[in-house]
J.: 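The structure under discussion is supplied below as structure tokens; questions concerning it will follow.
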2 protein chains.
Amino acid sequence: MRGNLSRQTAEKLYRMIVAEGWLEPGDKLPNEMELSKELGVSRATLREAIQALTMQGVLEVHRGRGTFVSRQVGEVEDFGFGTLDGVRGKLRDLFELRAMFEPRVAALACARASGEEMMEILELGRQTEACIREGRDRTQADRDFHAAIVRATHNEFMMRLLPIIGQAVETAIVSGEHAEKLAQDTLRDHALLMEFFEKRDPAGAEHAMAIHMLHAMEEMGLEK
Amino acid sequence: MRGNLSRQTAEKLYRMIVAEGWLEPGDKLPNEMELSKELGVSRATLREAIQALTMQGVLEVHRGRGTFVSRQVGEVEDFGFGTLDGVRGKLRDLFELRAMFEPRVAALACARASGEEMMEILELGRQTEACIREGRDRTQADRDFHAAIVRATHNEFMMRLLPIIGQAVETAIVSGEHAEKLAQDTLRDHALLMEFFEKRDPAGAEHAMAIHMLHAMEEMGLEK
DNA sequence: TTGCAAGAGTTGTCTGACAACTCTTAACAT
DNA sequence: ATGTTAAGAGTTGTCAGACAACTCTTGCAA
């Protein structure tokens with residue numbers, strides 16, 4: 001099994017709640033003593049798992065009263081249709097946001113980048129491609145690539161916002177195994193993107209980035 | 001003080017790291033024994049705080065090695081909570097963000113809003129118009145209007161962006177002499193927007209909102 | 001030089017205890 | 001009869017100490 005015991009416990013609890021209909025939204029969980037015995041972990045470990053689920057909005061803890069399944073859980077299920085996750089619902093939201101910003105950001109960057117910045121963008125793009133070809137981990141290179149593009153917009157808020165979205169997407173992706181399929185599309189998309197950047201064609205860059213986003217969403221089974 | 005001790009500890013740690021320059025991104029924290037003594041809490045409480053910050057992307061924990069400040073801390077800053085200050089000078093950046101955001105949001109909302117949500121949007125739009133006509137302060141009404149639209153996208157992360165966007169709106173409206181002409185444009189733009197919302201025409205709503213954004217930026221002397 | 005083992009440093013988990021909070025219920029005063 | 005208070009049960013919050021598991025370095029031996 002992967003990860004901490006508290007991590008595993010959180011996932012187990014999550015499955016019990018949302019996948020199987022063990023508890024309905026609004027229901028109260030057994031108290032921590034009983035639940036920890038039932039799950040075969042210590043109370044401390046269970047508490048860490050509960051905290052994680054609380055931060056994900058799955059559970060609500062009220063001191064002196066108990067721990068409850070959040071009413072929001074049901075709503076998340078409606079969207080993503082699915083058994084596997086609230087993660088999928090969140091993933092769709094994230095990509096939707098990303099698909100909104102990245103193409104326009106690419107266009108702006110293409111129009112505003114200084115000579116130096118453009119060179120950096122192209123260089124980082126090449127590095128990312130190299131990583132994919134050689135089968136190395138492209139996470140860092142890809143992040144740097146997108147960060148360089150965002151930086152070239154000279155827009156402070158974009159620079160703050162997009163890394164956050166990117167990071168969230170990343171953690172979501174790591175929890176699945178879509179990375180393999182994505183790599184091939186990414187290679188093609190990047191080539192397209194680089195072409196328009198080299199030509200300094202904002203409209204082209206915008207469309208190329210939009211295609212990149214659509215490919216990513218398609219591969220992950222997310223619908224527009 | 002508010003909240004759990006672990007909550008407080010998390011916030012205290014957060015402030016020490018991002019606000020004051022106690023540690024740089026990538027630095028290693030003292031081990032849990034020392035740190036818990038230094039902060040005056042038990043190790044269990046400290047661990048809950050650390051876990052919370054880990055899930056926010058502020059810290060990274062590596063078993064057997066230690067706990068480190070994430071390299072992305074600087075970027076994560078103002079997202080979840082935390083007030084956005086020094087906004088005034090960055091009006092262009094904010095509106096640029098908004099100009100990307102709002103039109104697509106309008107389109108999504110138009111396509112996804114439930115009957116109830118659509119009624120709320122239209123009602124709030126009418127209220128805003130009324131405010132303008134009667135010369136009353138329309139800040140709150142306008143904010144509610146846009147908030148209702150964002151809510152109708154059913155996208156959690158868009159809603160999280162709302163407070164940031166809201167500040168831009170507020171600053172823009174408060175900033176004085178533009179208010180007069182802006183009000184007239186807003187009246188026309190809203191009418192256009194409402195027309196397409198009533199028809200449930202996403203493309204129309206998107207363009208109408210885009211026009212609204214362009215007018216606002218133009219009136220405020222912001223260049224694209 | 002290379003490989004391996006021991007050790008120090010660190011986070012992960014367990015156990016048991018008590019404090020603090022919430023809600024119910026029963027006793028009490030009016 | 002009614003409103004108020006106090007006690008008690010149920011629950012989460014915090015603490016302390018111990019040991020397990022993992023990571024990296026250092027020194028020794030082949």
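Naming convention: chains lettered A, B, ... in sequence-line order (proteins, then strands); numbering from 1 in each chain. Computed over heavy atoms, backbone and side chain alike; hydrogens, waters and symmetry mates excluded.
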J.: So A:Phe145 and A:His190, would you call those rings parallel, tilted or perpendicular, with 30° and 60° as cut-offs?
T.: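 Answer is tilted, since the angle falls between 30° and 60°.
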J.: From C-beta outward on B:Asn4, which listed nucleotide comes closest to its side chain: D:dT14, C:dT11, C:dT13?
T.: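 Side chain of B:Asn4 sits closest to D:dT14.
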J.: Locate the shortest heavy-atom distance separating A:Ile121 from A:Ala152; write the atom from each residue and the value.
T.: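 What the structure gives for the nearest pair is CD1-CB, 4.0 Å.
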J.: Tell me what B:Lys37 touches on the nucleic acid: a base, only sugar-phosphate, or nothing, going by heavy atoms under 4.0 Å.
T.: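 No contact.
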J.: Do A:Arg7 and A:Glu48 meet the salt-bridge criterion of a basic N to acidic O distance under 4.0 Å?
T.: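 A:Arg7 and A:Glu48: not salt-bridged.
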J.: Tell me the closest heavy-atom pair linking A:Phe68 and A:His62, and the distance in Å.
T.: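 Closest heavy-atom pair between A:Phe68 and A:His62: CD1-CD2, 3.6 Å.
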J.: Assess whether salt bridge (Lys or Arg N to Asp or Glu O under 4.0 Å) is satisfied between B:Glu96 and A:Arg112, documenting all intermediate values.
T.: CA-CA 14 Å; B:Glu96 205 163 74; A:Arg112 289 184 183 160; 2.5 Å; yes
J.: Given C:dT15, C:dT10, D:dC15, which nucleotide is nearest the side-chain atoms of B:Lys28?
T.: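 Between C:dT15, C:dT10, D:dC15, the one nearest the side chain of B:Lys28 would be C:dT10.
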J.: Could you work out which one of D:dT12, D:dT14, C:dG12 sits closest to the side chain of B:Ser6?
T.: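 Taking heavy atoms from C-beta onward, the closest nucleotide is D:dT14.
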J.: Which nucleotide sits closest to the side chain of A:Arg65: D:dT11, C:dT22, D:dC15?
T.: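 Closest of the options to the side chain of A:Arg65: C:dT22.
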J.: Without decimals, in angstroms, what is the distance between B:Leu46 CG and C:dG12 P?
T.: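 That distance rounds to 11 Å.
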J.: Choosing from C:dT13, C:dC23, D:dT14, which nucleotide comes nearest the side chain of B:Ser42?
T.: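 Of the options given, the side chain of B:Ser42 lies nearest D:dT14.
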J.: Is B:Lys37 salt-bridged to B:Glu34, cutoff N-O under 4.0 Å?
T.: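 Salt bridge: no.
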J.: What's the closest nucleotide to the side chain of B:Val61 if the choices are C:dC21, C:dG12, D:dC15?
T.: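 Looking only at heavy atoms from C-beta outward on B:Val61, the closest nucleotide is C:dG12.
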J.: Nearest whole Å is fine: how far is D:dC24 C1' from B:Asn31 CG?
T.: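 It is 15 Å, rounded to the nearest whole Å.
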J.: In whole Å, I'd like the distance from the CG atom of B:Leu39 to the P atom of D:dC15.
T.: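 After rounding, the gap between these two atoms is 11 Å.
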J.: Using heavy atoms to find the nearest nucleotide of DNA chain C for A:Met33 and B:Gly64 separately, return the residue whose nucleotide is more 5′.
T.: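 Result: B:Gly64.
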J.: So does B:Thr67 get a side-chain nitrogen or oxygen closer than 4.0 Å to the phosphate oxygens (OP1/OP2) of C:dT11?
T.: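 Yes.
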J.: Counting side-chain heavy atoms from C-beta on, which of D:dC15, C:dT10, D:dT12 comes nearest to A:Arg47?
T.: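 Nearest nucleotide to the side chain: D:dT12.
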J.: Could you check how far CD of A:Glu60 sits from C1' of C:dT22, rounded to whole Å?
T.: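 In whole Å, C:dT22 C1' and A:Glu60 CD are 16 Å from each other.
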J.: Within this structure, what is the CD-to-P distance between B:Glu32 and D:dA16, rounded to whole angstrom?
T.: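 Atom CD in B:Glu32 sits about 15 Å away from atom P in D:dA16.
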J.: What is the distance from NE2 of A:His62 to C1' of D:dG10, rounded to the nearest Å?
T.: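 From A:His62 NE2 to D:dG10 C1': 16 Å.
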J.: Check the distance between D:dT12's C1' and A:Leu59's CG and give it to me in whole angstrom.
T.: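 So the CG-C1' distance, A:Leu59 to D:dT12, works out to 14 Å.
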J.: Quick check for you: among D:dT14, C:dC21, C:dT13, whose closest atom lies nearest to any side-chain atom of B:Leu5?
T.: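 Among D:dT14, C:dC21, C:dT13, the one nearest the side chain of B:Leu5 is D:dT14.
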J.: Distance check needed: C:dT13 P versus B:Ile50 CD1, whole Å only.
T.: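 Rounding to the nearest Å, CD1 of B:Ile50 and P of C:dT13 are 14 Å apart.
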J.: Test for a donor-acceptor pair under 3.5 Å between the base of C:dG16 and the side chain of A:Arg43, counting only N and O atoms.
T.: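 Checked by distance alone, the answer is no.
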J.: OP1 or OP2 of D:dC15 less than 4.0 angstrom from a side-chain nitrogen or oxygen of B:Thr45, does that happen here?
T.: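 For B:Thr45, the contact criterion (side-chain N or O under 4.0 Å from OP1 or OP2 of D:dC15) is met.
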